[in-house]
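Notes for the one structure printed next.
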Amino acid sequence: MILLISVDNDTMTDEICTWLSYQNKEFVRLSENQHINKVFFDFKNNTFKISIGAIEYKLEDFKSVFYRNGGIYYNAITGEIDSNLVDFYNSELKSISEFIYYYFKVNEVRVFGNLFTKEVNKLEVLLLAKSLGLKIPDTYILSELNDLEQIDISQTYITKAVSEMKPIVVENDLYLNYTHEIDLNNIHDKKESIIPSLIQRKIDCLYEIRAFFFEKQIWAIATFDFSGNVDIRNIKEKEKKYLPLVLPLEQKRKILKLAKKLNLKCGTVDLLKSDKDYYFLEVNPLGQFHQVSYYGNYQIEKRIADLL
């Protein structure tokens, strides 16, 4: 039996499920609308069971697990209840989920995906990548604008979030913190203090690379942007072109070493290719790989299903 942990409307998990069905493999998928409604753990007799809908499963029945994103969900509380009790209830469920993950780990269940490492710190990753020999753009964190005097302002720079992008809604308007180009000449002599912010030298690149790594394999595509926008997420699809790409062996080796150091079993890596170098930008443990699979014609979903 295969257990998949995902969120609803995740197209990549949908396609993996399609391949599993085609291969006649038994599987169950946990998501917001397919959750655990009953647990029974008997430590005396080593019996650990969960119910999903009307079907009961023993944890020992699951021989492989694929974690895509989200988490394990349980029946919601019904009726009126104090918010403090809701926090306690959620804390109890969190401990149950952590035990289930622990059970899989100690019983050597084959776990695919980042079940145990769901987030990384962007700054830690940059420092580690640099130590492993991956080139990174000149990067600065500062909280006072006059510290820009210590930076070569003749170069072009961008700024982006240090943490993950968080949508902000103000008076029904949605704001997203995309990467933006900034002109340091207009602000370097100001005295204001600001929230600690990431400033990075803009790389004149030939194309951007998105690579997906999974179980020591790497698939990559090159993205060509004809709009001049600095954030590829903010570009219309018709203004982008994709080509499958084979990364140099040395780049692959460094990426896999980085993944091992971060305890990541899969993820997407963003790189820039200039005339002479490859520049590492970031790694996303929950990265989307649909574009890589589709435009590279790699059928990554099938390869994952084959391993489960």
Side-chain angles (χ1 to χ4, degrees), residues 1-43 46-75 90 92-120 212-219 256 259-260 262-268 283-290 293 299-308:
M1 177 71 69
I2 299 166
L3 175 65
L4 299 100
I5 302 173
S6 182
V7 295
D8 292 327
N9 304 318
D10 184 85
T11 56
M12 286 158 285
T13 308
D14 293 342
E15 293 186 26
I16 292 170
C17 290
T18 299
W19 279 109
L20 291 174
S21 297
Y22 177 77
Q23 295 169 350
N24 293 316
K25 293 181 178 179
E26 286 187 290
F27 68 92
V28 60
R29 177 177 177 178
L30 279 174
S31 64
E32 299 99 319
N33 291 320
Q34 182 82 347
H35 49 254
I36 294 174
N37 55 287
K38 178 184 173 183
V39 298
F40 178 77
F41 295 165
D42 180 354
F43 286 80
N46 287 328
T47 300
F48 304 96
K49 297 185 290 188
I50 61 174
S51 294
I52 303 171
I55 305 176
E56 186 177 77
Y57 303 92
K58 292 182 179 179
L59 292 185
E60 66 187 45
D61 292 337
F62 295 112
K63 304 305 180 185
S64 61
V65 176
F66 175 66
Y67 176 81
R68 165 67 189 133
N69 52 16
I72 292 179
Y73 300 91
Y74 300 86
N75 274 359
N90 290 331
E92 294 290 279
L93 294 180
K94 181 174 180 288
S95 293
I96 298 295
S97 298
E98 289 173 349
F99 171 76
I100 293 173
Y101 299 154
Y102 174 78
Y103 179 92
F104 291 147
K105 184 175 182 178
V106 298
N107 285 277
E108 298 183 349
V109 174
R110 296 188 308 140
V111 176
F112 301 92
N114 299 317
L115 183 62
F116 307 109
T117 306
K118 300 180 178 65
E119 294 181 354
V120 295
F212 177 69
F213 62 89
F214 185 87
E215 295 297 315
K216 298 182 180 180
Q217 295 188 69
I218 297 180
W219 302 270
L256 292 177
K260 185 176 181 180
L262 293 170
N263 196 29
L264 296 178
K265 303 182 74 174
C266 69
T268 52
V283 60
N284 185 346
L286 302 179
Q288 302 289 335
F289 61 87
H290 176 75
S293 183
Q299 290 193 320
I300 296 173
E301 298 84 359
K302 178 182 181 300
R303 293 177 185 239
I304 294 174
D306 290 341
L307 292 173
L308 294 174

Parallel, tilted or perpendicular: which fits the ring planes of F104 and F62, with parallel below 30° and perpendicular above 60°?
perpendicular

d(Q288 CD, M12 CE) to nearest 0.5 Å is 3.5 Å

Point to revise | F213 backbone acceptor or donor facing K216 side chain under 3.5 Å | key: no

Rounding to 0.5 Å, atoms CG (L115) and CZ (R68) come to a distance of 14.0 Å

*Worked verdict on I52 versus Q34 for side-chain contact (heavy atoms from CB on, under 4.5 Å)*: CA-CA 7 Å; I52 303 171; Q34 182 82 347; 3.7 Å; yes

### Query
When you measure from the side chain of D10 to the backbone N and O of V7, does any donor-acceptor pair fall under 3.5 Å?
no

So salt bridge (Lys or Arg N to Asp or Glu O under 4.0 Å) across residues 21-39, not counting sequence neighbours, yields D14-R29

Any side-chain donor near an acceptor of the partner, S31 and D8, under 3.5 Å: yes

Next on the checklist: Does Y102, at its OH atom, have more than 12 non-hydrogen atoms belonging to other residues, nucleotides or ligands within less than 6.0 Å?
Outcome noted: no

Just so I know, are the side chains of I100 and I36 near enough to count as touching, which here means a heavy-atom distance under 4.5 Å?
yes

Does NZ belonging to K118 count more than 12 external heavy atoms closer than 6.0 Å? yes

When rounded to the nearest 0.5 Å, the distance separating NE2 of H290 from OG1 of T11 is 5.5 Å

Original post:
Side chains of F40 and E56: does their closest heavy-atom pair fall under 4.5 Å?
Top reply: no

Scanning both residues in full, the closest heavy-atom pair of K63 with E60 reads NZ-O, 3.0 Å

In this structure, CG of L20 is separated from CG of L4 (nearest 0.5 Å) by 6.0 Å

Lys NZ or Arg CZ of K302 over Y22 ring: under 6.0 Å, within 45° | no

Does any non-hydrogen side-chain atom of F66 lie less than 4.5 Å from one of S6? no

* For F289 and F214, run side-chain contact (heavy atoms from CB on, under 4.5 Å): C-alpha distance rounded to whole Å, both residues' side-chain angles, the deciding distance at 0.1 Å, then the answer. => CA-CA 10 Å; F289 61 87; F214 185 87; over 6 Å; no

| Does a sphere of radius 6.0 Å around CG in D42 hold more than 12 heavy atoms from other residues, nucleotides or ligands, not counting ones at 6.0 Å or beyond? | yes

Between R303 and W219 the two heavy atoms that sit nearest each other are CD-CZ2, 3.4 Å

task = Would you check if the side chain of N114 reaches a backbone N or O of Y67 as a donor-acceptor pair within less than 3.5 Å?
result = no

All heavy atoms of G113 vs all of C266, minimum pair found to be CA-SG, 3.7 Å

F212 vs S293 side-chain heavy atoms within contact, under 4.5 Å | no

Closest non-hydrogen contact found for F116 with K105 is CZ-CB, 3.8 Å

request  = Please examine the side chains of K265 and E215, heavy atoms only from C-beta on, and report whether any two atoms are closer than 4.5 Å.
outcome  = yes

| request: Mind running side-chain contact (heavy atoms from CB on, under 4.5 Å) on I72 and Y101 for me, showing each step along the way? | output: CA-CA 10 Å; I72 292 179; Y101 299 154; 3.6 Å; yes

- Query: If you measure only the distance, is there a donor-acceptor pair under 3.5 Å linking the side chains of D306 and Q23?
  - Reply: yes

- Query: Under a 4.5 Å cut-off applied to non-hydrogen side-chain atoms, are T117 and P285 in contact?
  - Reply: no

Residues F112 and L307: closest non-hydrogen pair is CZ-O, 3.6 Å

Q: Assign the ring pair F43 / F41 to parallel, tilted or perpendicular, where the plane angle (0 to 90°) is split at 30° and 60°.
A: perpendicular

Exercise. Checking N69 side chain against L286 main chain: does a donor-acceptor pair fall under 3.5 Å?
Worked result: no

Here the gap from Y57 atom OH to K49 atom NZ, rounded to the nearest 0.5 Å, amounts to 14.0 Å

Taken to the nearest 0.5 Å, the spacing of L30 CG from L3 CG works out to 5.0 Å

Between F48 and F99, ring centroids under 6.0 Å: yes

